[in-house]
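Have a look at the structure below before the remarks.
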Amino acid sequence: MGRSVDTDVLIVGAGLGGVAAALAAAEGGARVILVEGDRWIGGQLTAQAVPPDEHPWSEQFGVTASYRALRDGIRSYYRQHYPLTAAARKHRRLNPGGGLVSPLCHEPRVAVAVLEGMLAPHRASGRVKLLQPYSPIGTDVDNDQVKAVHFTDDLTITARYVIDATETGDLLPLANVEYVTGFESQQDTGEPSAPAEAQPLNMQAASWCFAMEHVDGNHVIDRPATYDYWRAARPKVWPGDLLAFCWPDPRTLEAAEGWLDPNPDDDPLSVVADQSKNPGTLDLWRFRRIAARNVFEPGTYTSDITLVNWPMIDYLDGPVFEVDDADRHRAAMRELSLSALYWMQTQAPRPDGGTGFPGLRLRADILGTTDGLAQEPYIRESRRIEAVETITENDVSLAIRGEHGATQYKDSVGIGMYRIDLHPSTGGDNYLDVASTPFQIPLGALLPIRMRNLLPANKNIGTTHITNGAYRLHPVEWNIGEAAGALAARCLQTGEPPHAVREKPDLLNDLQSVLVKRGVELAWPEIKGY
């Protein structure tokens, strides 16, 4: 006989959006059950092992107060628990990895600890219950409302509001919610970068990341079974072999090169204004480095630790959901990543003119696994609800909007900023990189066209394939989740459904006031250069 549990707000998925939703809903007075299928909470920041991709003003403004608390908590954790150098300990903007991609590159386990700490008071009070590991397998729906969600291990949870914070919008097909995947057509969206016909299975590449160090000795892994296949792979959009330090530049599509030089004797605390030695090149070791040995007291780390999320591991052979052979593609993704490592250990060009870095060694412990790969693949694109408001390229593109800035929404529930950054696709498309303007998150993008009590809180909001490339990043996902959690809590208090909140000015003003008090910015300040 199965177990049945009841709550006010059920949040499925404890990634960044899910955790933010749980905090906001609990602090709004709701009883919350947060369900996660992985061993770690945190999603793309932890289980998928991707340091935060953020806009350049994240240290000053443009993220919510609770997201900034997460960032501050990560730095505080290092100061409290790690043997930092004196200079690092005093550095206001400590970047433990000294990575080039973000001002806060760090080990995933630290983010897990901080997220757990943020949830801890609410779990202790009983306001939030975290259940792991359970995955949704079905729903009960009546009168356009999700009444219950069924999970693995014969668990059923009933709730007044259900928030889908999964990485791929898993509840949408289970609850028969209208949704889209892949490319929409230009006729459907009016976007200049959209294709003539919709391509539902043409999605951004996903990647299975891994962490590695470089130490003395031979640490070459067993040759992957499909290595020859990946060594010979040459995607039509690539300037050469997939397993090489050469790929299309995202903006020019010309050949761009990277180089690998493990453990440089650099100062990770210094500001790095240029990410490459020369135009069109990239310092791969430092790009997503998550532990820089020179930040810590001598002897703490024998090597830097870098996170591999590089173009060569972008999986282009097919989508990893919405297809019958998804498991095959997931297995192939893992083989691709291991093949990339094997190539680097045995054949990659070295700065001294030789080939191969046999000292590269996987750091499975850093990612909480036994095989060295992240617990889950990095999924850039999800199922997306058919929403009351769909954000298109025409709303955020700098070329289209110009000095007017992004579309302004009366129902704004937050803000974000990132270029429209699309990786090569499973349908053979090249990078699409479009300059954007600082944008808002409209409440209408969180409202399904039909369902009354289901809300998205991840990459499954009402964006298109194209604008997902700007709205999929860490701080935006957090803001989306925070808005969804606050909305659910407010609807429970007022008895009004989410769609009414958008339609009635007094209810909308009330929700926006709640968000502002939480430290959610609803509009961008004037920024020089925009």
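Scope of the values below: all heavy atoms of this structure, side chains included, with no hydrogens, waters or symmetry mates.
Side-chain N or O atoms of S436 include none that pairs as donor or acceptor with a backbone N or O of A470 at under 3.5 Å. With H474 contributing its side chain and V50 its backbone, the two residues share a donor-acceptor pair below 3.5 Å.
Evaluated for a ring pair (Phe, Tyr, Trp, His ring centres under 6.0 Å) with W343, the options W230, F245, Y227 yield exactly one hit, F245. Shown are T168, T166, N458; of these, the side chain to side chain contact (heavy atoms under 4.5 Å, CB included) with I379 is made only by T168.
Side-chain atoms of N263 and S303 form a donor-acceptor pair, as typed in the model, at a separation below 3.5 Å. A side-chain donor from one of Y229 and D317 sits under 3.5 Å from a side-chain acceptor of the other. Inspection of the E381 and H465 side chains reveals an N or O donor paired with an N or O acceptor under 3.5 Å.
Checked against salt bridge (Lys or Arg N to Asp or Glu O under 4.0 Å), E107 has no partners two or more places apart in sequence or in another chain. Scanning for ring-ring contact (aromatic ring centres under 6.0 Å, His included) contacts around H329 gives Y315, with sequence neighbours left out.
The pair D228-R231 fails the salt-bridge criterion, with no side-chain N (NZ, NE, NH1 or NH2) lying under 4.0 Å from an Asp/Glu carboxylate O.
Between P108 and L367, the closest heavy-atom pair is CG-CD2, 3.8 Å.
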| request: Evaluate the criterion side chain to side chain contact (heavy atoms under 4.5 Å, CB included) for residue pair L201 and V323; output intermediate values, then yes/no. | output: CA-CA 8 Å; L201 294 181; V323 290; 4.0 Å; yes
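For Y418 and F439, the ring centers are positioned 6.0 Å apart or more.
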